[in-house]
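Step one of this worksheet: look at the structure below.
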Amino acid sequence: MAEVSDRPAEGRFEGREHRFPVRVYFEDTDLSGAVYHANYLRYMERARSDMLRLGGIDQRAAFEAGEGSYAIANLAIRYAAPARLDDALIVVSRMTQVRAAGVAIHQRVMRDGLVLAEADVVAALVAPNGRPRRQPRAWIDIYERLVWQGEA
């Protein structure tokens with residue numbers, strides 16, 4: 001069995017907020033030495049996947065059972081400041097709304113409390129044929145417990 005230290009980095013919940021650590025590697029940067037803009041989306045995707053897994057959503061089992069998978073239906077992102085090589089970042093994710101077939105999530109990529117990029121994401125559950133489908137009731141129950149209530 002693998003040692004705990006051999007496991008991939010995991011995020012954690014602080015209340016209803018999910019926090020996911022990320023390190024900037026050389027491959028993440030562009031010619032100017034800043035993180036390439038599309039890589040912020042990768043960081044956010046990893047954080048969302050980790051948040052769902054830690055919350056009790058088994059996306060892999062749902063996919064393998066033919067129940068579908070999430071697809072991004074809407075994304076609005078704002079870049080405020082660059083991240084650079086070797087920066088230690090945190091992706092902070094908040095579930096903001098639960099819908100029958102999807103969820104809305106607000107995410108921020110931060111370094112030492114400074115927001116570098118933030119996005120509002122809507123992920124929709126789609127059947128294998130690509131059509132939206134209702135989320136399982138058990139998933140909705142989990143999401144409803146995680147919806148951000150404006151805690152300080």
Side-chain angles (χ1 to χ4, degrees), residues 1-99 101-133 135 139 142-143 146-148 151:
M1 184 164 166
E3 296 289 324
V4 171
S5 62
D6 290 338
R7 298 180 52 101
E10 292 187 338
R12 68 187 189 289
F13 279 100
E14 284 187 8
R16 298 176 190 207
E17 188 174 74
H18 182 261
R19 302 174 67 84
F20 185 78
V22 176
R23 170 81 57 197
V24 175
Y25 296 107
F26 184 77
E27 67 184 13
D28 297 324
T29 62
D30 60 18
L31 293 174
S32 73
V35 169
Y36 180 66
H37 72 279
N39 286 329
Y40 291 95
L41 298 174
R42 292 178 188 269
Y43 301 156
M44 291 176 186
E45 174 66 34
R46 292 175 192 157
R48 284 192 307 275
S49 293
D50 194 69
M51 178 176 67
L52 298 183
R53 185 180 54 74
L54 286 177
I57 307 298
D58 191 339
Q59 294 184 87
R60 181 176 175 175
F63 176 77
E64 289 175 352
E67 296 172 5
S69 59
Y70 282 106
I72 300 304
N74 195 6
L75 170 72
I77 190 166
R78 183 181 71 81
Y79 300 97
R84 302 211 176 265
L85 179 64
D86 207 37
D87 279 354
L89 309 177
I90 188 85
V91 181
V92 179
S93 304
R94 296 175 176 172
M95 189 80 54
T96 58
Q97 186 179 32
V98 181
R99 301 173 181 166
V103 293
I105 304 165
H106 180 78
Q107 295 184 279
R108 297 171 307 193
V109 178
M110 303 173 71
R111 179 189 59 234
D112 298 326
L114 175 68
V115 176
L116 306 178
E118 62 184 323
D120 289 300
V121 181
V122 175
L125 186 64
V126 295
N129 66 5
R131 297 186 57 97
R133 71 176 308 167
Q135 299 177 99
W139 291 13
I142 290 169
Y143 295 144
L146 293 176
V147 170
W148 184 254
E151 295 97 296

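Count residues from 1 along the sequence. Since we're looking at a predicted model, the values are computed, not measured.
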What residue among M110, R111, R108 forms side-chain contact (heavy atoms from CB on, under 4.5 Å) with I90?
-> M110
Quick one: do the Y43 and D28 side chains pair a donor with an acceptor below 3.5 Å?
-> yes
Cation-pi check, R94 to W148: give yes when NZ or CZ is under 6.0 Å from the six-membered ring centre and within 45° of the ring axis, no otherwise.
-> yes
Heavy-atom closest pair, residues V122 and R99 = CG1-NH1, 3.5 Å
Validation row: V121, I72 side chains within 4.5 angstrom (heavy atoms) | yes
For the residue pair L54 and F13, establish whether any side-chain heavy-atom pair is separated by less than 4.5 Å.
-> yes
First locate atom NE2 of H18, then atom CG of L146, and finally report the distance between them rounded to the nearest 0.5 Å.
-> 10.0 Å
Step by step, would you call T96 with V147 a side-chain contact (heavy atoms from CB on, under 4.5 Å)?
-> CA-CA 5 Å; T96 58; V147 170; 5.9 Å; no
Atom of A119, atom of M44 and distance for their closest heavy-atom approach | CB-SD, 3.6 Å
For the student: nearest non-hydrogen atoms of E10 and P21, plus distance | O-CD, 3.8 Å
With the threshold set at 4.0 Å, does a side-chain nitrogen-carboxylate oxygen contact exist between E67 and R133?
-> no
Minimum side-chain heavy-atom gap Q107-R48 below 4.5 Å | yes
d(E14 CD, R19 CZ) to nearest 0.5 Å is 5.0 Å
Are side-chain heavy atoms of D120 and L75 found at a separation under 4.5 Å?
-> no
With a 4.5 Å limit on heavy-atom distance, are the side chains of V92 and H106 in contact?
-> no
Please walk me through it: do L116 and Y79 pass side-chain contact (heavy atoms from CB on, under 4.5 Å)?
-> CA-CA 6 Å; L116 306 178; Y79 300 97; over 6 Å; no
Enter the distance from F20:CZ to R46:CZ here, rounded to the nearest 0.5 Å.
-> 7.0 Å
Between CG on residue D58 and CD on residue E64, distance to nearest 0.5 Å = 8.0 Å
Indicate the atoms forming the closest heavy-atom contact of G68 with L125, along with that distance.
-> C-CD1, 4.1 Å
Chi angles and distances behind the salt bridge (Lys or Arg N to Asp or Glu O under 4.0 Å) call for R53, D50 | CA-CA 5 Å; R53 185 180 54 74; D50 194 69; 2.5 Å; yes
Go through the structure and list residues passing salt bridge (charged side-chain N to carboxylate O under 4.0 Å, His left out) with E118, not counting sequence neighbours.
-> R78
Would you say V126 and R131 make side-chain contact, with heavy atoms under 4.5 Å?
-> no
Between W139 and A62 the two heavy atoms that sit nearest each other are CH2-CB, 3.6 Å
Which distance, rounded to the nearest 0.5 Å, do you find between the CD1 of I77 and the CG of L41?
-> 4.5 Å
Any side-chain heavy atom of V22 within less than 4.5 Å of one from V91?
-> yes
Value for CG (L85) from CZ (F26), rounded to nearest 0.5 Å, stands at 7.5 Å
Does L52 have any side-chain contact (heavy atoms from CB on, under 4.5 Å) partners at least two apart in sequence or in another chain, and if so, which?
-> I57, Q59, Y70, M95, Y143
Does a side-chain heavy-atom distance below 4.5 Å link Y36 with T29?
-> no
Minimum heavy-atom distance between A47 and S93, given as atom pair plus value = CB-OG, 4.0 Å
CZ (R42) with more than 12 external heavy atoms under 6.0 Å | no
